[in-house]
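These numbers were taken from a predicted model, which means no experiment stands behind them.
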Amino acid sequence: MVTASSLLNTWSVVNPSLTSPNKPRRVKRYAGMAFASVGSSENPCLGIKVTQGQGNLPKVILTSSHGSEAELYLFGGCVTSWKVANKDFLFVRPDAVFNGQKPISGGIPHCFPQFGPGLMQQHGFARNMNWSIVNSENVEGNPIITLELKDGPYSRSMWDHTFQVLYKVTLDKRTLSTELKVTNADQKPFSFTTALHTYFSASVTGASVRGLKGCKTLNKDPDPKNPIEGQEERDVVTFPGFVDCIYLNAPSKLHLDNGLGDTILIENTNWSDTVLWNPHLTMEASYKDFVCVENAKIGQVQLEPEQSWTAIQLLSVA
């Protein structure tokens with residue numbers, strides 16, 4: 001298991017003379033991980049720092065020269081914070097566990113290679129595994145980091161395939177962009193489903209989503225095993241109680257009013273579906289403080305050997 005101390009011990013300043021954030025950074029690789037000269041006194045402009053997070057898990061802090069900030073954990077490849085003007089637009093549940101044994105409940109967890117229940121554990125295994133840093137750079141003051149997940153004994157015990165997942169996170173002044181690329185590194189085809197289970201900070205009684213009118217729906221309330229098919233007729237979708245609904249062939253642009261005075265534009269490329277979720281009284285301690293608006297791929301993605309599938313999510317504060 002990768003620990004924060006081992007990450008910090010392999011830190012390296014590659015070229016202290018490169019101080020302009022507009023110049024490309026060279027990286028040096030250690031045991032499948034790459035570290036640029038980030039977070040060091042010699043080169044403070046890059047805006048990427050690896051440190052110890054909760055439970056001593058390795059955490060990456062991204063800081064844009066424009067003032068925004070994001071945090072992500074290598075365990076689960078999970079973005080747990082995205083701040084613009086010191087306001088965090090993501091939510092981590094108070095019952096979240098940071099012990100490297102259970103998924104981190106909040107932020108932007110990965111569902112891969114299975115969304116929801118199925119042949120393996122709920123939402124697959126990507127959120128239960130350690131990801132590695134393979135690249136980091138800075139473009140015009142905006143930090144960019146790429147994480148990698150590969151198969152191992154744990155994943156193959158549930159899904160016997162060789163794969164590579166790259167996850168590129170880019171922080172800009174008012175945007176957070178993620179690019180997910182899945183590559184079949186096996187000698188046989190495989191299929192998967194996936195989602196970004198994004199938790200947004202919100203006042204649930206005032207939160208709403210625009211842009212879903214006309215979509216075919218699969219409503220998992222009251223029976224998640226037998227969703228009710230329908231069509232969304234509302235211009236504005238709210239969260240009046242327990243909500244667990246899939247919107248198929250959703251538009252590439254949605255607007256979330258978080259009920260706290262902010263509008264978040266949720267754009268995507270190749271995420272074909274949207275999931276809205278709020279647990280209501282089944283999670284009484286925190287349900288009032290968040291809503292989930294998830295970009296998803298509900299239908300199976302089929303990849304032949306050496307083929308890749310890529311999807312992009314762009315979150316922007318209006």
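- Contact annotation: the side chain of Ile312 approaches that of Ser177 to within less than 4.5 Å [non-hydrogen atoms, C-beta and beyond].
- By the side chain to side chain donor-acceptor pair (under 3.5 Å) test, Ser81 is found to be paired with Asp88, residues two or more places apart in sequence or in another chain being considered.
- Taking 4.5 Å as the limit, every side-chain heavy atom of Thr263 sits out of range of all side-chain heavy atoms of Leu265.
- Looking at Val209 and His255, their side chains never come closer than 4.5 Å, going by heavy atoms from C-beta outward.
- Sorted by first and then second residue, the pairs that involve residues 182-238 and meet ring pair (Phe, Tyr, Trp, His ring centres under 6.0 Å), not counting sequence neighbours, are Phe112-Phe192, His123-His197, Trp159-Phe190, His161-Phe190, Phe192-Trp309, His197-Tyr199, His197-Trp277, Tyr199-Phe290.
- Counting heavy atoms from C-beta outward, Cys215 and Pro251 have side chains that approach closer than 4.5 Å.
- Side chains of Leu171 and Asn142 form no contact here, defined as non-hydrogen atoms less than 4.5 Å apart.
- In the hydrophobic clustering of this structure, Val79 does not group with Ile61; members are Ile, Leu, Val, Met, Phe, Trp, Tyr whose side-chain heavy atoms approach within less than 4.5 Å, directly or through other members.
- By the rule that hydrophobic residues join a cluster once side-chain heavy atoms approach within less than 4.5 Å of another member, Leu276 and Leu248 end up as members of separate clusters.
- No continuous path of ILVMFWY side-chain contacts below 4.5 Å connects Phe91 to Ile108, so the two sit in separate hydrophobic clusters.
- Legend: residues meeting side chain to side chain donor-acceptor pair (under 3.5 Å) with Tyr247, ordered by chain and number and at least two apart, are Glu232.
- Summarising the local packing, CD of Gln300 is surrounded by more than 12 heavy atoms from other residues, nucleotides or ligands at distances under 6.0 Å.
- Annotation for Arg210: atom CZ does not count as buried by contact number, only 12 or fewer foreign heavy atoms lying within 6.0 Å.
- In the hydrophobic clustering of this structure, Val169 groups with Val84; members are Ile, Leu, Val, Met, Phe, Trp, Tyr whose side-chain heavy atoms approach within less than 4.5 Å, directly or through other members.
- Using modelled atom types, one side-chain atom of Ser68 and one backbone atom of Asp172 make a donor-acceptor pair closer than 3.5 Å.
- Applying the salt bridge (Lys or Arg N to Asp or Glu O under 4.0 Å) criterion to Glu71, with sequence neighbours excluded, gives Lys59.
- With hydrogens and angles disregarded, no donor-acceptor distance shorter than 3.5 Å links the side chain of Thr183 to the backbone of Ala185.
- By the 30° and 60° cut-offs, the orientation of the rings of Tyr167 relative to His110 is perpendicular.
- No donor-acceptor pair closer than 3.5 Å links the side chain of Asn278 to the backbone N or O of Phe239.
- Under the 3.5 Å distance criterion, the side-chain polar atoms of Asn268 are left unmatched by any main-chain donor or acceptor of Ser272.
- At least one donor-acceptor pair under 3.5 Å links the side chain of Gln114 to the backbone N or O of Gln121.
- No side-chain donor-acceptor contact under 3.5 Å links Tyr287 to the backbone of Val204.
- Two residues are said to be in side-chain contact when any heavy atoms from C-beta on lie closer than 4.5 Å; Asn130 and Tyr154 fail this criterion.
- Not counting sequence neighbours, Thr269 has no partner by the side chain to side chain donor-acceptor pair (under 3.5 Å) test.
- Counting only distance, with no hydrogens or angles, the side chain of Asn138 and the backbone of Leu46 share a donor-acceptor pair below 3.5 Å.
- Around the CD atom of Glu304, the shell of radius 6.0 Å holds more than 12 heavy atoms that belong to other residues, nucleotides or ligands.
- Within the 4.5 Å cutoff, no side-chain heavy atoms of Thr193 are placed close to those of Lys297.
- Pairs engaging residues 250-267 under the salt bridge (charged side-chain N to carboxylate O under 4.0 Å, His left out) rule: Lys87-Asp262 [sequence neighbours left out].
- Side chain of Asn295 to backbone of Trp271: no donor-acceptor contact under 3.5 angstrom is found.
- Both Leu149 and Val50 belong to a common hydrophobic cluster when Ile, Leu, Val, Met, Phe, Trp and Tyr are linked at side-chain heavy-atom distances under 4.5 angstrom.
- By the neighbour-count criterion of 12 heavy atoms within 6.0 Å, atom CD of Gln187 is sparsely surrounded, having that number or fewer from other residues, nucleotides or ligands.
- Checked by atom type and distance alone, the side chain of Asp151 pairs as donor or acceptor with a backbone atom of Phe163 at under 3.5 Å.
- Side-chain atoms of Val301 and Val182, non-hydrogen and from C-beta on, never get closer than 4.5 Å to each other.
- Counting only distance, with no hydrogens or angles, the side chain of Thr217 and the backbone of Gly230 share a donor-acceptor pair below 3.5 Å.
- Within 6.0 Å of atom CG in Leu119, 12 or fewer heavy atoms from other residues, nucleotides or ligands are found, so the atom counts as exposed in its surroundings.
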